[in-house]
J.: 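Got a structure here, written out as structure tokens. Questions coming.
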Amino acid sequence: MLERYSLPEMKRLWSPEHRFQKWLELEVLACEAWADLGRIPPEAVREIRERARFDVGRIAEIEAVTRHDVIAFVSCVAENVGDAGKYLHLGLTSYDIVDTALSLLMRDALDIILQAVDGLRLLLADQARQYQDLPMVGRTHGVHAEPISLGLKFALWHAEMGRARERLEQARRMIGVGRLSGAVGTYAHLDPYVENYVCRRVGLIPAKVSTQVLQRDRHADYLAALAVTAGSLEKFATEIRHLQRTEVLEAEEGFAAGQKGSSAMPHKRNPITCERISGLARVLRGNGVAAMENISLWHERDITHSSVERIIIPDSTTLLHYMIVQFTEVLRQLQIYPEHMKQNLARTHGLIFSQRLLLALVAKGLSREEAYALVQRQAHRNWPDGDFLAALKADPAIGQYLPADEIDALCDARHYLDRMDYIFWRAGLGPAPVQYWESMIEVVAAGQGHAQAVAKGELLYEGKAKQMYLTSNPDLVWVSYKDEATAFDGLKKDTISGKGALNNRMAAHFFTLLKAAGIPTHFVRLLSPNEMLVKRVEIIPLEVIVRNIAAGSLSKRLGIEEGQALLQPAVEFCYKNDDLHDPLVTEDQIIALGWADATRLQALRSQALDINEVLRSYLDTKNLILVDFKLEFGTHKGMLILADEISPDTCRFWDRETHEKLDKDRFRRDLGGLIPAYEEVWRRISGE
Ligand code: ADP
Ligand code: MG
């Protein structure tokens, strides 16, 4: 690797000394394993441990004769060890050591890269938040489209680097294997114990099947992950290069004191670091292709891959690390020119607002075709040199619908940033946009008005809290909330007048909130004070519980004081079965028993956490703490959706100041005042 593009950590990692050090570590561990098996005397191993060392110069001398690097290495170490040296490399083939060491080095290289990725993501998150509301023009095909914010670009990159992280971690798992399986992978002269012993001590997993080598699909996968990450960096760098073009000049790479841009033109400030990053990404892509060529080795191996790997693996890891560190610095020093962004937004005299104007005309009663034609006529007449907005205001065909002051009010880039908080929340960069949902609740609720009539049919199921009826529509069920309260799997029972209606109303409210936040639920509409219409689902027999604060069974089971905040929300799964008292089940058991596959389980978990985020942040604005809650999910036409109910029967709500319990614990623990507590929750969330 060129000195110019190496940073010290990677240089050290790929140095010959460090590689030999790994070889030595593995050779000594193999001797220890043999000693366990009684094949090497313990004193000999002790001697090897104490004396084993190498000298890079001496290895080179021996290699000049043997033309084999591992033989040269072993001979050099044996010279230093003395008599016990005869036990070194017992039963091993060169690649038992070389390949296993390569995996170790590749894994460690990824750790260095992952650390750099994390640094870049932290900075991107900061920059995204800082420029969340800084308007600039968005461009498609290089042509002005509609306003965006600079923070949105950074948020996009932040999410992309999150995917890079996942990809690199996957590559780390793929390469986290070793092999000491002999000349053709049969352990003919080796005990598998040696492989297990050595691999486990260095944190690798023995490959399930190998030949003389680990299979090169692993290495190809790794280099592909590096190349894709480099491709993303190239995209970011290219964006900055575009923004730095003189005609655009919305951002610019930092220019150090004393730096010179051109030997001939004293005025030049060029985006040279971004250009370097763009260029190096091409090398990584090329190396990715070379790694794919390496997959197809002959029979139990040939050595065509070796020369290639000596170049591409150190080069690609070193370059990617360098690129990430350099790009992080570019971003840190980036000059931003908000004034130029503003000028560029105004450059087309309002053309970028054409869609908003078109929609305003449609809202005034024009057909979409008429409105489109009116706006396009003025847009084309005034391109490239006219004043679109002035012409629009002077056009009587438009003026009769949109007066000039309305046109001015519509043409404001800030309107386009209204949903930034929503996107930032989704991207994990900002708080939940509660205001946005509150206004959406009204919209969603209004949309439930004109529904088809559905007739109530036979009782399908009667549970502890609800009755479920069939309806004239096979896709829908009619739910009737009961006044009954039960606890401890039905052991304790009572009728509490008014509870059914409160729960029905609150469940409808929460389901509507979730819908507004983009989370699918079974709720269709309210039917009466204590009834609602829902989509019929195939219930997954699991209770999905999310906890923010220790309480109830968690406190009891683990002896943790009720009220202790958890460091992060914790999801748990119970098998829904009253007779067995809804026992806890592990994720492996759920998969093994076929209740959900790994993908579905992951979806359940992430939906439950999303729901927690929406409910928790929403209730916080109502001075309520969401302690924990239970969800049930089902499938409807193949889609996973939230079913059952969300109410003080299935959640723990505490008052934020007093920690007073406002949920079913009042019944479970004989605290009294259940209805006033439920009414208080309703009063707070409904604002009534
Ligand atoms: P339980 O006593 O089992 O808790 P409930 O009184 O809560 O029962 O009644 C609801 C029952 O209907 C639960 O068994 C629940 O799993 C099921 N259920 C909830 N929503 C739906 C739905 N959309 N479609 C079909 N079944 C549902
Ligand atoms: Mg229930």
Side-chain angles (χ1 to χ4, degrees), residues 463-466 481-514 530 532 543-557 560-566 569-572 574 576 581-582 608 611-632 642-688:
K464 298 184 294 292
K466 303 183 285 290
Y481 280 72
K482 307 201 293 186
D483 277 344
E484 222 142 87
T486 65
F488 314 114
D489 310 307
L491 223 68
K492 179 169 177 174
K493 243 190 245 170
D494 207 349
T495 299
I496 298 174
S497 163
K499 186 180 79 99
L502 276 161
N503 278 353
N504 185 48
R505 216 182 297 155
M506 285 193 265
H509 186 86
F510 289 128
F511 283 139
T512 311
L513 170 72
L514 291 173
N530 69 326
M532 62 167 62
E543 299 196 329
V544 185
I545 296 163
V546 184
R547 300 174 183 276
N548 296 305
I549 290 176
S553 64
L554 179 82
S555 290
K556 209 148 131 205
R557 203 167 350 108
I560 291 167
E561 198 184 339
E562 191 158 275
Q564 182 178 317
L566 304 181
V571 179
E572 70 188 44
C574 290
K576 197 173 148 52
H581 312 291
D582 304 330
I611 291 167
N612 181 48
E613 210 37 59
V614 174
L615 294 180
R616 196 190 49 72
S617 52
Y618 175 76
L619 290 162
D620 186 60
T621 67
K622 313 291 176 193
N623 286 323
L624 288 168
I625 300 177
L626 179 63
V627 176
D628 55 31
F629 57 96
K630 177 227 47 163
L631 302 171
E632 289 179 33
L642 178 65
D644 205 49
E645 66 175 284
I646 302 177
S647 70
D649 272 14
T650 62
C651 307
R652 280 197 173 84
F653 298 131
W654 292 354
D655 177 77
R656 202 170 49 197
E657 262 72 61
T658 63
H659 284 200
E660 188 189 354
K661 297 183 193 337
L662 300 170
D663 53 60
K664 204 167 85 174
D665 273 346
R666 301 211 72 83
F667 173 72
R668 285 191 201 99
R669 304 183 186 189
D670 294 320
L671 300 173
L674 182 115
I675 292 294
Y678 281 33
E679 276 172 343
E680 176 62 20
V681 174
W682 172 248
R683 201 183 55 70
R684 291 197 198 179
I685 63 177
S686 67
E688 274 172 16

J.: Quick one: does Lys482's side chain have a donor or acceptor within less than 3.5 Å of a partner on Gly463's backbone?
T.: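 Yes, Lys482 side chain to Gly463 backbone: donor-acceptor pair under 3.5 Å.
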J.: Mind checking salt bridge (charged side-chain N to carboxylate O under 4.0 Å, His left out) for Asp655 and listing every partner two or more places apart, or none if nothing turns up?
T.: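 Result, salt bridge (charged side-chain N to carboxylate O under 4.0 Å, His left out) vs Asp655: Arg684.
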J.: Rounded to the nearest 0.5 Å, what separation is found between the CD atom of Glu613 and the CG atom of Asn548?
T.: 8.5 Å
J.: Please examine the side chains of Asp649 and Tyr678, heavy atoms only from C-beta on, and report whether any two atoms are closer than 4.5 Å.
T.: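 The answer is yes, as the side chains (C-beta and beyond) meet within the 4.5 Å cut-off.
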J.: Could you walk me through whether Glu562 and Lys661 satisfy the salt bridge (Lys or Arg N to Asp or Glu O under 4.0 Å) test, starting with their C-alpha distance in whole Å, then the side-chain angles of each, then the deciding distance to 0.1 Å, before giving a yes or no?
T.: CA-CA 12 Å; Glu562 191 158 275; Lys661 297 183 193 337; 3.3 Å; yes
J.: Would you call Arg656 and Asp620 a salt bridge, using N to O less than 4.0 angstrom?
T.: yes
J.: Would you check if the side chain of Arg683 reaches a backbone N or O of Glu688 as a donor-acceptor pair within less than 3.5 Å?
T.: no
J.: Tell me the closest heavy-atom pair linking Glu645 and Phe511, and the distance in Å.
T.: CA-CZ, 3.9 Å
J.: If I compare all heavy atoms of Ser497 with all of Ile675, which pair ends up nearest, and what's the gap?
T.: O-CD1, 3.5 Å
J.: Minimum heavy-atom separation for Ser553 to Glu572, with atom names?
T.: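 For Ser553 and Glu572, the tightest heavy-atom pair comes out as OG-OE2, 4.5 Å.
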J.: Is the backbone of Gly500 close enough, under 3.5 Å, to the side chain of Asp483 for a donor and an acceptor to pair up by distance?
T.: yes
J.: Do the non-hydrogen side-chain atoms of Ile611 and Val546 ever get within less than 4.5 Å of each other?
T.: no
J.: Is it the case that atom CD in Glu561 sees more than 12 heavy atoms from other parts of the structure closer than 6.0 Å?
T.: no
J.: Going from NZ on Lys622 to CD1 on Ile685, what distance comes out if it is rounded to the nearest 0.5 angstrom?
T.: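 Rounded to the nearest 0.5 Å, the NZ-CD1 separation comes to 8.5 Å.
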J.: Would you mind reporting whether Ile646 and Cys651 have side-chain heavy atoms less than 4.5 Å apart?
T.: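 Cys651 reaches Ile646 side chain to side chain.
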J.: How long is the gap from CG on Leu624 to CG on Leu615, to the nearest 0.5 Å?
T.: 11.5 Å
J.: Apply side-chain contact (heavy atoms from CB on, under 4.5 Å) to the pair Lys630 and Asp644, showing each step before the final yes or no.
T.: CA-CA 10 Å; Lys630 177 227 47 163; Asp644 205 49; 3.3 Å; yes
J.: According to the interplanar angle, ranging from 0 to 90°, do the rings of Phe653 and Phe510 count as parallel (below 30°), tilted (30 to 60°) or perpendicular (above 60°)?
T.: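 Answer is tilted, since the angle falls between 30° and 60°.
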J.: Does any N or O in the side chain of Arg652 come within less than 3.5 Å of the main-chain N or O of Asp663, such that one atom is a donor and the other an acceptor?
T.: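 Answer holds: no.
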J.: Which heavy atom in Phe629 sits nearest to a heavy atom in Ala608, and how many Å separate them?
T.: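 Minimum heavy-atom separation between Phe629 and Ala608: CZ-O, 4.2 Å.
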J.: How long is the straight-line distance from CG of Asn623 back to CD of Glu657, given to the nearest 0.5 Å?
T.: 5.5 Å
J.: Would you compute the distance between atom CG of Leu619 and atom CG of Leu626 and round it to the nearest 0.5 angstrom?
T.: 5.5 Å
J.: Both conditions, 6.0 Å and 45 degrees, for the charged tip of Lys492 above the ring of Phe667: are they met here?
T.: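 Here Lys492 passes the 6.0 Å and 45° test against Phe667.
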J.: Would you say the side chain of Asn503 lies within less than 4.5 Å of the side chain of Lys466, judging by non-hydrogen atoms?
T.: no
J.: Mind checking whether Tyr618 and His509 have parallel, tilted or perpendicular rings, split at 30° and 60°?
T.: tilted
J.: Of all the heavy-atom pairs spanning Ile549 and Asp628, show the shortest one and how long it is.
T.: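 Taking Ile549 first and Asp628 second, the nearest heavy atoms are O-OD2, 4.5 Å.
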J.: To the nearest 0.5 angstrom, please state how far the CG atom of Asp582 sits from the NZ atom of Lys576.
T.: 6.5 Å
J.: Would you find a donor on one side and an acceptor on the other, under 3.5 Å apart, between the side chain of Ser555 and the backbone of Ile560?
T.: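 Yes; at least one donor-acceptor contact below 3.5 Å.
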J.: By salt bridge (charged side-chain N to carboxylate O under 4.0 Å, His left out), which residues pair with Lys664, not counting sequence neighbours?
T.: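 With neighbours one apart ignored, the set is empty.
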J.: Can you check side-chain contact (heavy atoms from CB on, under 4.5 Å) on Lys499 and Tyr481, steps first, answer last?
T.: CA-CA 8 Å; Lys499 186 180 79 99; Tyr481 280 72; over 6 Å; no
